[in-house]
Amino acid sequence: MSAKVKTRIAPSPTGNFHLGTARTALFNYLFAHKNGGEFICRIEDTDKARSTKEFEANILSSLTTLGLTLDGPITHQSERTEIYKQKLEELIKSGKAYLSQETEGESKEVIRLKNPGSKITFTDLIHDEVTFDTTELGDIVIAKSVTEPLFHLAVVIDDAEMGITHVIRGEDHISNTPRQILIQEALGYPRPQYAHIPLILAPDRSKLSKRQGATAVSDYLAMGYLPSALINFLALLGWSPQAGKEGTEQEVFTLAELVERFSLEAIQKSGAIFNLDKLNWLNREHLRRLSTEEQVNYVARALPDVDKNILSKITPIILDKANNLEEIKKLKEARELDYFFTAPSVSKELLKTPEHLPKVIELLEKISESDWNMENIKNAVWDYATEQGRGNVLWPMRVALSGREKSPDPFTLAAVLGKEETMNRISLYYV
Ligand code: GLU
């Protein structure tokens, strides 16, 4: 009987939660859930100089916000020195590791693993057979002392002691795997399954770095990308619904749907290109799927000073123009939303044909407050506009309301502004 699937994300708290780590976490989560297993988080904080509690908090809150729930307590390598010490002493006692006097530079002692000098072959679930000749690695340093284990030793002990069955991690770790297998074999641990996932690349195929823009999940959350959209986006970086199966054209997924569809076999071998347009598109799709109330609350995060009543009317218009909170803020800064809040002042030239406005007022006046909606507004002026040339009537009506060359259509604007405000604005240009 095979052991229950258990996966892990093992972030080092030396920076904010990176998109790449988030995607690794997601794939581990998906694989565990797909197979009825467990997903845990281990904080790899052995590098005391670079690890901070702030970075750790950022990592954990990002995981929570993304909805990647954990199936066990969070562990810290910094609190596990005892087990590493015990295992190191065991290795030394059995002659598989030894204290070695380093002569280069400052003279000091380290612990080295005796390398049997063999070829290591492992089956990678994405890259198939991978073979490394470990002879050239020599006797690898596994600890500075029995109380100061190095990265590879700690990872191997933890994965084994925590019962990790599948190590799913970034391809940048693939050359670490033979080293870790050597340590594993010396300790008599079983070998987990490995899956090294392709890196996320910038559009120019270079390594994704801060030079090209934000790399932390928390930055994207702050810009107003929905957690569900980020999850969807990350899933499609290197994975796609399996070819040949029904529903392969689907691109918008919830986390639950991803669990259902996920398989490691459908992960590509080559690097995955980060595409901001795709993220924007997905964010829009996920915004569209929110309830009306959630949408209004979302827009309110960018426009905290706007009256909720007005906000609920303009939310659909705003979400039609913007992909995220940043863009809504930019619309506001560019004064693109001003006409929703204050009457514009409009030049005669821009109005072009204001002589039709008295008739527009007369026609709109007939609609009662309670019947004031887009359809009735359109019906009220439509015949007259058709008769006079639509542009001649609808242009000055729209411009009197918005003051802009470009804006939503006059019926939408009038409905949002309400009868009183609409009448006031058009009357200003009554000639
Ligand atoms: N701590 C490593 C990192 O943050 C991950 C190690 C592993 O997944 O084995 O890159």
Side-chain angles (χ1 to χ4, degrees), residues 5-32 37-60 62-63 66 68 70 72 74-80 84 120 122 124-127 130 132 140 142-143 148-184 187 189-200 207-210 215-218 234 237-238 264 267:
V5 165
K6 193 167 180 185
T7 65
R8 53 37 166 208
I9 183 68
S12 306
T14 54
N16 284 336
F17 197 47
H18 193 278
L19 285 176
T21 319
R23 191 200 42 166
T24 303
L26 173 62
F27 286 179
N28 275 282
Y29 173 96
L30 294 176
F31 184 76
E38 291 178 351
F39 166 64
I40 60 160
C41 175
R42 175 173 81 227
I43 301 289
E44 302 205 319
D45 54 355
T46 46
D47 183 344
K48 293 206 180 71
R50 291 172 61 223
S51 300
T52 73
K53 279 287 164 193
E54 287 73 30
F55 289 140
E56 182 180 326
N58 178 277
I59 291 165
L60 295 177
S62 300
L63 271 175
L66 291 176
L68 301 178
L70 301 170
I74 296 155
T75 49
H76 293 81
Q77 287 188 329
S78 59
E79 290 165 10
R80 295 171 53 76
Y84 307 137
I120 296 272
F122 62 94
D124 187 283
L125 295 171
I126 294 159
H127 297 270
V130 181
F132 275 90
I140 50 180
I142 54 173
E148 296 168 286
L150 289 177
F151 172 66
H152 294 307
L153 181 84
V155 167
V156 167
I157 294 175
D158 287 346
D159 284 341
E161 297 291 329
M162 294 172 186
I164 300 302
T165 58
H166 293 75
V167 171
I168 304 167
R169 60 186 173 194
E171 208 177 279
D172 47 336
H173 287 289
I174 202 161
S175 62
N176 292 335
T177 303
R179 286 163 222 262
Q180 294 184 2
I181 290 175
L182 284 179
I183 301 171
Q184 217 168 63
L187 286 164
Y189 284 136
R191 188 188 293 187
Q193 304 249 49
Y194 290 98
H196 290 92
I197 59 184
L199 298 182
I200 302 177
K207 192 168 172 247
L208 188 68
S209 75
K210 283 189 191 147
T215 53
V217 167
S218 49
L234 292 170
L237 281 175
L264 286 174
I267 293 180

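Both ligands and their constituent atoms are indexed starting at 1 by order of listing.
Near Arg169, meaning under 4.0 Å from one of its heavy atoms, ligand 1 places the atoms 7 (C), 8 (O), 9 (O). Of all atoms in ligand 1, numbered sequentially from 1 with element shown, those under 4.0 Å from a heavy atom of Arg8 are 7 (C), 8 (O), 9 (O).
Scanning all protein heavy atoms for the shortest distance to atom 10 (O) of ligand 1 gives His173 NE2, 3.0 Å. In this structure, atom 6 (C) of ligand 1 lies nearest to the protein heavy atom Glu44 OE1, 3.4 Å.
Closest non-hydrogen pair, Gln180 versus Phe151, comes out as NE2-CE2, 4.1 Å.
Remark: His166 pairs with Phe31 by the ring pair (Phe, Tyr, Trp, His ring centres under 6.0 Å) rule, at least two apart or across chains. In this structure Lys53 satisfies the side-chain hydrogen bond (donor to acceptor under 3.5 Å, both in side chains) test together with Glu56, sequence neighbours excluded.
Polar contact with ligand 1: present for Ala10 (N/O pair, distance under 3.5 Å).
Judged by distance alone, with hydrogens and angles left aside, the side-chain atoms of Asn58 form no donor-acceptor pair with the main-chain N or O of Asn16 at under 3.5 Å.
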| task | Tell me, with the steps shown, if Asp159 and Arg42 meet salt bridge (Lys or Arg N to Asp or Glu O under 4.0 Å). | result | CA-CA 10 Å; Asp159 284 341; Arg42 175 173 81 227; 2.8 Å; yes
